[in-house]
Amino acid sequence: MNEIKIFSPATVANVACGFDVLGFCLDNVGDEMIVRKTAKKGIYITKIEGFDLPFEADKNVAGVSALALIEDAKPDFGFEIEIYKHIKPGSGIGSSAASAAGSVFAINELLGRPYNKTQLTYFAMKGEALASKCEHADNLAPAIFGGFTLVKSINPLEILQIPTPNDLFATIIHPQIEVKTSEARAILPKEIPLQHAITQWANVGSLVHALHINDYKLISKSLHDVIIEPYRSKLIPYFHEVKNASLNAGALGCGISGSGPSIFSLSKGVETSKNVEVAIKNIYKNTSIEFDTFVCKINTQGMKILS
Ligand code: HSE
């Protein structure tokens with residue numbers, strides 16, 4: 001195989017209570033990439049459509065993760081990468097992770113799969129770090145593994161796959177403002193009250209348990225963030241109005257997607273998720289901020305090979 005076309009999905013990191021450790025994978029929303037072998041060694045980004053991003057491999061997240069992989073694999077040929085970007089950078093649904101994970105996934109396929117998914121996540125973290133100025137894998141892991149994932153540790157990298165209840169749907173609203181992950185991290189406190197930590201880790205534990213036993217009520221009771229949301233919600237106009245509307249429309253929970261500005265809700269059943277979408281649209285359509293919304297199932301496969 002000399003060429004591959006892949007779909008690299010958007011993802012939601014943190015999932016309310018699990019800052020930097022939990023994430024889940026979205027369906028049908030993501031980037032496409034074509035990667036082909038070249039006689040010349042190295043990584044060459046030859047096409048970028050959708051958004052204005054650097055072509056130099058060492059300045060592009062997809063390039064940096066690909067360089068990390070070939071530095072280890074040392075193939076005696078190189079790769080050309082075409083990026084068809086649909087996820088807006090800075091939207092909070094894992095734009096940089098989709099690029100960073102997509103290139104290493106595709107190259108691994110062209111090399112005959114020498115690396116497992118955890119190793120691919122490790123290489124992709126090098127690209128992700130370029131965008132967010134710190135290594136974290138909570139968007140990369142769900143993009144590569146699919147479904148819900150928990151990053152048990154980044155050094156050494158250890159990722160756990162968590163089951164996805166069948167009837168779980170996500171509703172996303174993306175206000176068209178940019179929140180840089182590095183800035184959304186800079187405003188967070190360095191220390192937190194013990195009582196908040198206790199609440200938060202109880203919620204992480206019960207959410208993981210609820211996902212295992214398909215307990216939608218417990219999912220709902222666990223989707224609370226007492227640590228990060230109070231700080232970051234200030235960066236997202238009408239966050240609390242959206243959250244209230246979403247919960248009133250029947251969502252199990254609602255929170256900031258990654259570092260924002262996107263906001264995610266989880267619901268049981270597609271009908272409820274669509275009602276949630278209508279309710280949150282009603283909040284934003286009365287503002288001057290452009291936005292888009294979508295509803296999707298949780299993608300349990302992650303990356304997809306298109307051809
Ligand atoms: N866990 C990261 C953060 C995800 O919230 O900063 C960034 O997409």
Side-chain angles (χ1 to χ4, degrees), residues 8-26 29-31 51 53 61-62 64-65 85-102 121-122 124-145 148-155 157-160 162 170 172-175 177-190 192 196-197 200-201 203-204 207-208 223-236 239 243 253-264 302:
S8 187
T11 46
V12 170
N14 301 338
V15 201
C17 50
F19 179 67
D20 270 4
V21 298
L22 283 176
F24 66 82
C25 189
L26 297 169
V29 182
D31 297 341
F51 294 95
L53 294 166
V61 294
V64 170
S65 56
K85 199 112 197 88
H86 301 295
I87 316 171
K88 189 177 177 201
S91 57
I93 51 169
S95 178
S96 52
S99 296
T121 308
Y122 174 81
M125 273 169 61
K126 306 295 164 197
E128 178 75 303
L130 181 73
S132 61
K133 317 234 180 327
C134 88
E135 289 195 352
H136 61 93
D138 51 340
N139 286 106
L140 297 167
I144 291 174
F145 287 79
F148 280 82
T149 52
L150 184 136
V151 182
K152 163 85 175 66
S153 127
I154 55 166
N155 189 17
L157 185 59
E158 204 179 326
I159 292 155
L160 309 180
I162 302 166
I172 306 286
I173 178 163
H174 171 214
I177 55 166
E178 192 180 348
V179 174
K180 284 206 165 75
T181 297
S182 51
E183 287 164 17
R185 295 182 81 84
I187 62 165
L188 299 178
K190 299 284 169 279
I192 55 169
H196 289 175
Q200 198 88 348
W201 61 55
N203 282 333
V204 174
L207 178 57
V208 170
L223 285 170
H224 297 290
D225 172 9
V226 297
I227 293 177
I228 307 297
E229 188 178 290
Y231 293 88
R232 285 187 170 170
S233 56
K234 295 180 188 139
L235 304 175
I236 306 170
F239 172 78
K243 184 169 174 174
C254 174
I256 301 169
S257 175
S259 54
S262 289
I263 302 168
F264 80 96

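Any value given below was found using the heavy atoms of this structure, including those in side chains, with hydrogens, waters and symmetry copies removed. All ligand and atom numbering here is 1-based and tracks the order in the structure. For this chain, numbers begin at 1 and follow the sequence in order. Worth saying up front: this structure is predicted, and the values here are computed from it rather than measured.
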Exercise. Does the side chain of Glu158 pick up a donor-acceptor pair with the side chain of Ser153 at under 3.5 Å?
Worked result: no
Problem set entry | Any side-chain donor near an acceptor of the partner, Thr11 and Asn139, under 3.5 Å | yes
For this session: Would you tell me whether Lys85 and Ser99 have side-chain atoms, one donor and one acceptor, within less than 3.5 Å of each other?
Result: yes
For this session: Sort and list the pairs that fulfil salt bridge (charged side-chain N to carboxylate O under 4.0 Å, His left out) and have at least one residue in residues 11-25, not counting sequence neighbours.
Result: Asp20-Arg185
Seminar exercise, completed: Less than 4.0 Å from some atom of ligand 1, heavy atoms are found in residues Ala13, Asn14, Phe19, Asp20, His136, Asp138, Asn139, Thr181, Arg185, Arg232, Gly258, Ser259
For this session: Look at Lys126 together with Glu135 and state whether they make a salt bridge at an N to O cut-off of under 4.0 Å.
Result: yes
For this session: Over 60° means perpendicular and under 30° means parallel, so classify the ring planes of Phe24 and Phe264, tilted if in between.
Result: perpendicular
